[in-house]
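The basis for the numbers below is simple: all heavy atoms, side chains too, and nothing from hydrogens, waters or symmetry mates. Below, chains carry the letters A, B, ... as their sequence lines are ordered, and counting in each starts from 1. Note that this is a predicted model, so its numbers are computed, not measured.
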2 protein chains.
Amino acid sequence: MMTAKIESFVLHCGEMGSRWGFNRTVGQILGLLIIHQDAFSAVQISDVLNISRGNVSMGIKELQSWRLVKINHKPKDRKEYYSPAGSIWELAMRVFEERRKREVDPTLSLLRHNLLDEPANPQEQYAQSKMYEMHELLETITHWAGELQSMNPEKLNTLMKLGSGVSKVIDMKDKLMKNS
Amino acid sequence: MMTAKIESFVLHCGEMGSRWGFNRTVGQILGLLIIHQDAFSAVQISDVLNISRGNVSMGIKELQSWRLVKINHKPKDRKEYYSPAGSIWELAMRVFEERRKREVDPTLSLLRHNLLDEPANPQEQYAQSKMYEMHELLETITHWAGELQSMNPEKLNTLMKLGSGVSKVIDMKDKLMKNS
DNA sequence: TTGAACTTTCAGAAAGTAGTGAAAGTTTAT
DNA sequence: ATAAACTTTCACTACTTTCTGAAAGTTCAA
């Protein structure tokens, strides 16, 4: 059914699943859908990966909450067929964004809240200075991430491929700014 | 012992712990150390957070594997006192780098390996094209991350604060390149 | 070299997370 | 309206991770 190399990829996705933010089966399902050209029905997924039908349903639901799969229909067939919701690039972006929401946003809002009132003593003073530092860092990262996501892929690619050139471009920009 | 706001921060770090890549107590310990100006001994940590002495030992070990805590000694005292291994910025960078190692590198090496030999049939052909796509994306990200980490904090900050300016700077660079 | 003061390890308990499969729910064709 | 073809839910089981506390290990002063 699956060649050795394809299978190794799918199993790898399963193992990495929890590190990427989901669980093993969700990782496997995602890997399976990415690596195959055609869409899979729930039963097919359940057969190929040897997991229960119910688990597939949960998994697909989870992948939908990450906006990583889309549903397709075939003519004369009521089943739902699942496939990746976009290119590799788009999927990666979504995972990135979703994780930012889960890993950064709650902290940002806690920090914002805790920074509202005045520190009551030197200990709190210090604590707030650290929270401020964290807040600023996370805000910058969030803003920057939004910025990157609003760029089109080619421009983003140009930027990333720039590599050490980034430094030079910034220096250049500084000089040009001074002249104006 | 801890004021309400400081405690809420520490508990929050605990809750976020698993999302950031560690577990609850490791998160709490890190939060505790970050938010207090003075270093804590293992017993103090165990008392303040109500966790066993053994668990503190495990937690500190874990934090050391992430290069997030450093050990201090006080005169006339054999105990080890733990404190954050650097500024908020540096800690964030370390977490970032460590996670890249755990979340990206293994996949990169699997992909590299799977791309070595020729596809045996159209299905493998397609699979390899996707793996190639993923490989390229991850390579770019890795390379870019290394680039960012080798920049000094001010320059990085300039870059991040640039925001939408990045686009403009790239355009500008393109124009200047053409002239040369 | 002893023992007090500390840290680390680890087996087992507790807590948390994921997976199953049967039952309930939904949709569509007739 | 019914029933076939599907999807979702959920109580329960299986598995995994985390935590504890006692025992073992280490270090150092005397």
* Pairwise 5' ranking along DNA chain C for A/G54 and A/S18, keeping only the more 5' one -> A/S18

* Residue A/H113 excluded, over 12 heavy atoms near NE2 under 6.0 Å -> no

* To do: Mind checking A/N55 for me? I need base, sugar-phosphate or nothing, with any heavy atom below 4.0 Å counting as a touch.
  => base

* Asked: How is B/I51 classified with respect to the nucleic acid when contacts are heavy atoms under 4.0 Å: base, sugar-phosphate, or nothing?
  -> sugar-phosphate

Does [X] place a side-chain N or O at less than 4.0 Å from the phosphate oxygens OP1/OP2 of [N]?
{"X": "B/R24", "N": "D/dT18", "value": "no"}
{"X": "A/K76", "N": "C/dA29", "value": "no"}
{"X": "A/T25", "N": "C/dG19", "value": "yes"}
{"X": "A/K61", "N": "D/dT9", "value": "yes"}

* Would you find a donor on one side and an acceptor on the other, under 3.5 Å apart, between the side chain of B/Q128 and the backbone of B/N114? -> yes

Whole-Å gap separating [atom2] ([N]) and [atom1] ([X]):
{"X": "A/R19", "N": "D/dT16", "atom1": "CZ", "atom2": "P", "value": "15 Å"}
{"X": "A/Q64", "N": "D/dT8", "atom1": "CD", "atom2": "C1'", "value": "12 Å"}
{"X": "B/N72", "N": "C/dC6", "atom1": "CG", "atom2": "C1'", "value": "17 Å"}
{"X": "B/I45", "N": "C/dC6", "atom1": "CD1", "atom2": "C1'", "value": "14 Å"}
{"X": "A/N23", "N": "D/dT17", "atom1": "CG", "atom2": "C1'", "value": "14 Å"}
{"X": "B/R53", "N": "C/dT8", "atom1": "CZ", "atom2": "C1'", "value": "8 Å"}
{"X": "B/L49", "N": "D/dT18", "atom1": "CG", "atom2": "C1'", "value": "15 Å"}
{"X": "B/Y81", "N": "C/dA5", "atom1": "OH", "atom2": "C1'", "value": "12 Å"}

* Least distance between heavy atoms, A/K5 atom then B/E124 atom -> NZ-OE1, 3.4 Å

* Asked: Looking just at side-chain N and O atoms, do B/E90 and B/S87 make a donor-acceptor pair shorter than 3.5 Å?
  -> yes

* Structure fact -> Comparing nearest nucleotides in DNA chain D, the 5'-proximal residue of the pair B/N50, A/D77 is A/D77

Between [options], which nucleotide gets closest to the side-chain atoms of [X]?
{"X": "B/Y82", "options": "C/dT20, C/dT7, D/dC6", "result": "C/dT7"}
{"X": "A/A42", "options": "D/dT7, C/dT7, D/dC19", "result": "D/dT7"}
{"X": "B/R78", "options": "C/dT7, C/dT9, D/dC28", "result": "D/dC28"}
{"X": "A/M58", "options": "C/dT8, D/dC10, C/dT9", "result": "D/dC10"}

* Asked: Can you find a pair of side-chain heavy atoms, one from B/Y132 and one from B/L111, that are under 4.5 Å apart?
  -> no

